[in-house]
Amino acid sequence: MEKVVSGIRPTGNLHLGNYFGAVKSFVQMQEVYKCLFFIADWHSLTTRPKPEDIQASSRTIMAEYLACGIDPHKAPIYVQSDVKETLELYLYLNMNTYLGELERVTTFKEKARKQPDNVNAGLLTYPTLMAADILQHRVNKVPVGKDQEQNMEMARRCARRFNNIYGVELFPEPQNFYFNSQALKVPGLDGSGKMGKSEGNCIYLRDDDKTISKKVMKAVTDLGPQAMNSEKPEVIENLFTFLKIVSSEETYKYFDEKWNNCTLRYGDLKKQIAEDVCKTVAPIREKILEYSANTELLDKIAKEGAEEARESASATLKEVRRIIGFRAF
Ligand code: ADP
Ligand code: TRP
């Protein structure tokens, strides 16, 4: 069975962007592929989280993964820092990766601009750590958003280069993979193109109905349709994209017609969106609360997940060590 791996950094609660853009497809994929999902806590160190927050944030994402429907019996969930094999591979990959190519990665340049006082080596080698996450399991498919394409290109380069240097075919070249064939981008309701933590415009899976309604009702709009069948300006297009994601096809058509014949009232559209978001979020939220209260279960799942992930990674590392010329361990 084909293998899949993906992870999310524990830097806050999951929001609708994470859910529709990533976790929902994880849930579908676990039925078809051998999936491993993890919590990228090492990657979150680039911004120096407080020690007391580290474990809590991992448990938060673990509870949210489970509440969304990831079944650890089908797809183990592990915490990145529990699998030390990753670090060994990270070191080897770093030896074959050039400063110039790491400096050219846009996310590095952006982060360096955002935190000029802390442009650390971890930030620079973020892509090789991500490559190690992926290559240690020798997977072909990695479900990640569009923003990760450059990191994925680096992972492929790491795979190719290792294979070439040693004349082996150990690592397959991992491909970005979208379960429903296309990457989905959940827009922000504040007029920005993307819902994201750093954009500060998220609807979280933990939000209650009232909070959700408030956030949706505040969505940026304009004066309304001015002519029949006119093109939608970007903020309105974003609202419709949102509607398409959370509502039924029928509902989408209903409002689209209203736009086309100039009878659309944004209040109605927002109410509909709020209602449908609540329908999606409410059952997930309830489960998040249940799982969050059961830290024993969360830790047990993480422990079992780590065991399975380490088994997969250590088989790869055994080969890597032999190929590089180290003695068997
Ligand atoms: P954030 O942008 O809030 O910091 P992350 O960068 O941690 O979120 O993203 C974690 C995962 O969720 C990635 O696979 C990413 O592609 C996906 N993701 C985040 N925001 C969105 C969005 N608005 N639409 C689609 N996918 C998203
Ligand atoms: N860089 C990814 C993000 O910001 C998180 C991540 C780290 C990841 N390692 C990974 C995703 C390996 C997929 C595979 O969203």
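Start at 1 and go down the list; that is how both ligands and their atoms are numbered.
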Where does Glu199 meet ligand 1, judged by heavy-atom distances below 4.0 Å: at the side chain, the backbone, both, or neither?
neither

With a heavy-atom distance limit of 4.0 Å, tell me whether Phe37 approaches ligand 2 through its side chain, its backbone, both, or neither.
neither

In this structure, atom 13 (C) of ligand 1 is nearest to the protein heavy atom Gly145 N, 4.3 Å

What atoms of ligand 1 come closer than 4.0 angstrom to any heavy atom of Gly21?
25 (C), 26 (N)

Hey, is ligand 2 close enough to Asn151 that some N/O pair sits below 3.5 Å?
no

Please could you name the atoms of ligand 2 that His43 approaches to less than 4.0 Å, counting only its heavy atoms?
7 (C), 9 (N)

Just let me know how Gln80 lines up against ligand 2, side chain, backbone, both or neither, with a heavy-atom cut-off below 4.0 Å.
neither

Partner of Glu308 under salt bridge (Lys or Arg N to Asp or Glu O under 4.0 Å), picked from Lys74, Lys34, Lys303, is Lys34

Would you mind finding which of Asp147, Val186, Ile61 brings a heavy atom closest to atom 24 (N) of ligand 1?
Val186

Would you mind checking which non-hydrogen protein atom is closest to atom 27 (C) of ligand 1, with the distance to 0.1 Å?
Gly17 O, 3.3 Å

Which atoms of ligand 2 sit under 4.0 Å from any heavy atom of Tyr126?
1 (N), 2 (C), 3 (C), 4 (O), 5 (C)

Which protein non-hydrogen atom lies closest to atom 9 (N) of ligand 2, naming both residue and atom, and how far is it?
Asp133 OD2, 2.7 Å

Centres of the Phe177 and Tyr33 rings: under 6.0 Å?
yes

Testing the basics here: between Lys194 and Asn201, what is the closest heavy-atom pair and its distance to 0.1 Å?
O-ND2, 3.0 Å

Against heavy atoms of Val144, which atoms of ligand 2 measure under 4.0 Å?
11 (C), 13 (C)

Give the atom numbers and elements of ligand 1 that come within less than 4.0 Å of a heavy atom of Gly196.
2 (O), 3 (O)

Protein residue, atom and distance nearest to atom 15 (O) of ligand 2, heavy-atom basis
Gln148 NE2, 3.6 Å

Lys194, Arg9, Lys24, Met195: member with heavy atom nearest to atom 5 (P) of ligand 1
Arg9

At what distance is the nearest protein heavy atom to atom 12 (C) of ligand 2, and which residue and atom is it?
Phe38 CZ, 3.5 Å

Select one of side chain, backbone, both or neither to describe which atoms of Ile134 lie under 4.0 Å from any atom of ligand 2, heavy atoms only.
side chain

Considering only protein heavy atoms, which is closest to atom 25 (C) of ligand 1, and at what distance to one decimal place?
Leu184 O, 3.0 Å

Heavy atom under 4.0 Å from ligand 2: found in Val142's side chain, backbone, both, or neither?
side chain

If you have a sec, work out which protein heavy atom is nearest atom 19 (C) of ligand 1 and how many Å separate them, to one decimal?
Asn18 ND2, 3.4 Å

Hey, what do you get for CE (Met217) to CD1 (Ile273), rounding to the nearest 0.5 Å?
9.5 Å

Considering heavy atoms of the protein only, find what lies nearest to atom 6 (C) of ligand 2 and give residue, atom and distance to 0.1 Å.
Gly7 O, 3.8 Å

Hydrophobic clusters here meaning ILVMFWY residues chained together by side-chain heavy-atom distances under 4.5 Å, can you tell me if Leu205 and Ile39 are in one?
yes

Which atoms of ligand 1 have any heavy atom of Lys185 under 4.0 Å away?
24 (N), 25 (C)

